[in-house]
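Within every chain, numbering begins at 1; the chains are lettered A, B, ... in the order of the sequence lines, protein sequences first and strands thereafter. None of these values were measured; they are calculated from a predicted model.
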Amino acid sequence: MDRRRCSANLGKLCQGLEDYAKANPSGIPSDPSGCAERLSDSLYLAHSTSDANFTRICASGYLVSASRRAASRGRALPPQRTEVLMGTDGSVFFYVSPFRYPNTGSGLLFAGSLELQHQNDGLATPFDSGGLLRIFTLPNSAESPQEFLARHEMPIPEHRRYLRMSMGQLFHKAEDYVEGLQPHRPGPIGLTGGDYRRWTHEVRIPDRVLVRSTHLQAAFAPLARTARDPEIRRFFGWCAGKGVDHIAFDTPRGREFETLQKTCLDYVRRLY
Amino acid sequence: MADPWKLDDLEIVGYANVLTETMVPSVVPPVFRLKADRGRALLPPYHLNRGFVWNATEVPDSELEELRDSDEITLFDGAFPASSDFELWIDDAFQYHYQPEYEAEEELGRIATEAIQGAEEALRRGDIEQAEHLSGVAICADDRKMEPLAIKAAICRMKEDWAGERLMRELAAPRLTEGLFQQMVSYYCGPSRQQSALMRGMAGVRPLERAA
């Protein structure tokens, strides 16, 4: 990671947002309660995954990149895969928000301190990088998704400055970012289409991330999986012993993702 | 809000999960494909209501294989028509079933009940492994039932796995007081007639309200 390039990006993005706010006054005071500052500092890093992957994560003790996982199975990633095309296949992904990756059933929240540990090799973007390929529409069709991504990569944890500014300038209330409500102003980045992942900060950390660490804040899994799967049981037992929050939830009629999201949002709401 | 898709116009090509043997039986969200344009697929999260699919994510059919290779979805060998008020679920032999919701609920309830009975018999025989397996089947079929958690807690107690027993107690806590759960566990550890009567009295126990 080129930290200097990322820092320069951060400066430009923050300036761009200030200019945008001046040129497009909303009439709404920016973060009068100071909630944007508190939330942008304290929001957790969220990684959610399928139940089968979660079992593997509990067993191995690591979140791993797509390329490492493929290598461990003795095969290469398909060249058309989104992460390969975007050059992000060596990264572990997090959202700085509640769980937002669809079709996932279990997940982990990490404290922001994980970013400090990876300030020299991790980075952040103010959107989901994978969405650039097929989900969002870029403002300039002449620019490739990869170039667009490179222009928006910011250092961690400093990207939270941009997060604080966008929470204050673009959303009615800073909490709306967490709740997944659309910003009332689109902002200067210019992406359209897709869902809340268009404006959710993504953090990428290379290769792998240790799960059983002091950064782990909370673990979420469906009750039936927790009760039955010995790896998840052992992991939840470890969480209990270390005082890490571990939450098992009922999943009425297979609606795991919706329940995971709601349970996580209820948990994150404790921050405000 | 985007226009919804009519279920009659869709077929099911798979489901949005990858299950292992410790996850079945399980209700799963279908992955749909348009009958009239097989190059277009619909993924959850979505809402099903009155024969329509709302807020689904549309992806090209080619992306389904990528999602399968990423262990995010499972694809069937073929496809079959979607129907209103039907449920898709996978049994413990990984066979899929697509049937009216009430039938699926009945079937899963029956599986849960039989698995609990089987687990209880296995416990009486001292076949801990089978009791563990069947209580797992029961909780996957119906995660509202408390007996499987109590059986698992009893097995943990027999194995002196105190952390495991504590976890089962935690999992049961939103629905059952600690005292009642402990009585169930004690029953499964060493049943007596009195305890049998107690268990029969608890059969209709209602969920407790979650603490605020």
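You'll find the side chain of D250(A) reaches within 4.5 Å of the side chain of R175(B), heavy atoms only. Annotation: side chain of I139(B) is in contact with side chain of L223(A) (closest heavy-atom distance under 4.5 Å).
The part of L19(B) that comes within reach of chain A is its side chain, from C-beta onward, which places non-hydrogen atoms under 4.5 angstrom from that chain. Only the side chain of L149(B) has a heavy atom closer than 4.5 Å to any heavy atom of chain A. Interface residue M23(B): backbone and side-chain heavy atoms are both found under 4.5 Å from chain A. For N17(B), the part sitting under 4.5 Å from any heavy atom of chain A is the side chain, from C-beta outward, and nothing else. Of the atoms belonging to N53(A), it is side-chain heavy atoms, and not backbone ones, that fall under 4.5 Å from chain B. Of the two parts of S70(B), the backbone and the side chain both hold a non-hydrogen atom closer than 4.5 Å to a non-hydrogen atom of chain A.
Ranking R225(A), R69(A), Q80(A) against chain B, the residue ahead of the rest is R225(A), based on heavy-atom pairs under 4.5 Å. Between chain A and the options L67(B), V59(B), D143(B), heavy-atom pairs under 4.5 Å are most frequent for D143(B). Per-residue heavy-atom pair counts under 4.5 Å with chain A were compared for D69(B), L88(B), V137(B), I73(B), and the maximum is reached by V137(B).
The nearest pair of heavy atoms linking A227(A) to M168(B) is O-CE, 3.6 Å.
Remark: H184(A) NE2 is packed, more than 12 non-hydrogen atoms of other residues, nucleotides or ligands lying under 6.0 Å away. Other residues, nucleotides and ligands place no more than 12 heavy atoms under 6.0 Å from the CZ atom of R50(B). Within a 6.0 Å radius of CZ in R73(A), other residues, nucleotides and ligands contribute more than 12 heavy atoms.
The pair D161(B)-R234(A) does not count as a salt bridge, with every side-chain nitrogen at least 4.0 angstrom from each carboxylate oxygen. A salt bridge between E165(B) and R233(A) is absent, with no side-chain N of the basic residue lying under 4.0 Å from a carboxylate O of the acidic one. We find that E65(B) and R81(A) are not joined by a salt bridge, their nearest charged nitrogen and carboxylate oxygen being 4.0 Å or further apart.
Put simply, the side chain of N103(A) gets close to the backbone of P44(B): a donor and an acceptor are under 3.5 Å apart. For R228(A) (side chain) and V24(B) (main-chain N/O), a donor-acceptor pair under 3.5 Å exists by modelled atom type.
With rounding to the nearest 0.5 Å, the separation of CG in D71(B) from CZ in R56(A) is 5.0 Å. Atom CZ of R134(A) sits about 6.5 Å away from atom OG of S62(B), to the nearest 0.5 Å.
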For E63(B) and T82(A), what are the C-alpha separation, side-chain angles and deciding distance, and is it a side-chain contact (heavy atoms from CB on, under 4.5 Å)? CA-CA 10 Å; E63(B) 199 170 315; T82(A) 300; 5.7 Å; no
Apply side-chain hydrogen bond (donor to acceptor under 3.5 Å, both in side chains) to residues E72(B) and Y101(A) and explain how you reach the verdict. CA-CA 11 Å; E72(B) 294 189 26; Y101(A) 194 79; 3.2 Å; yes
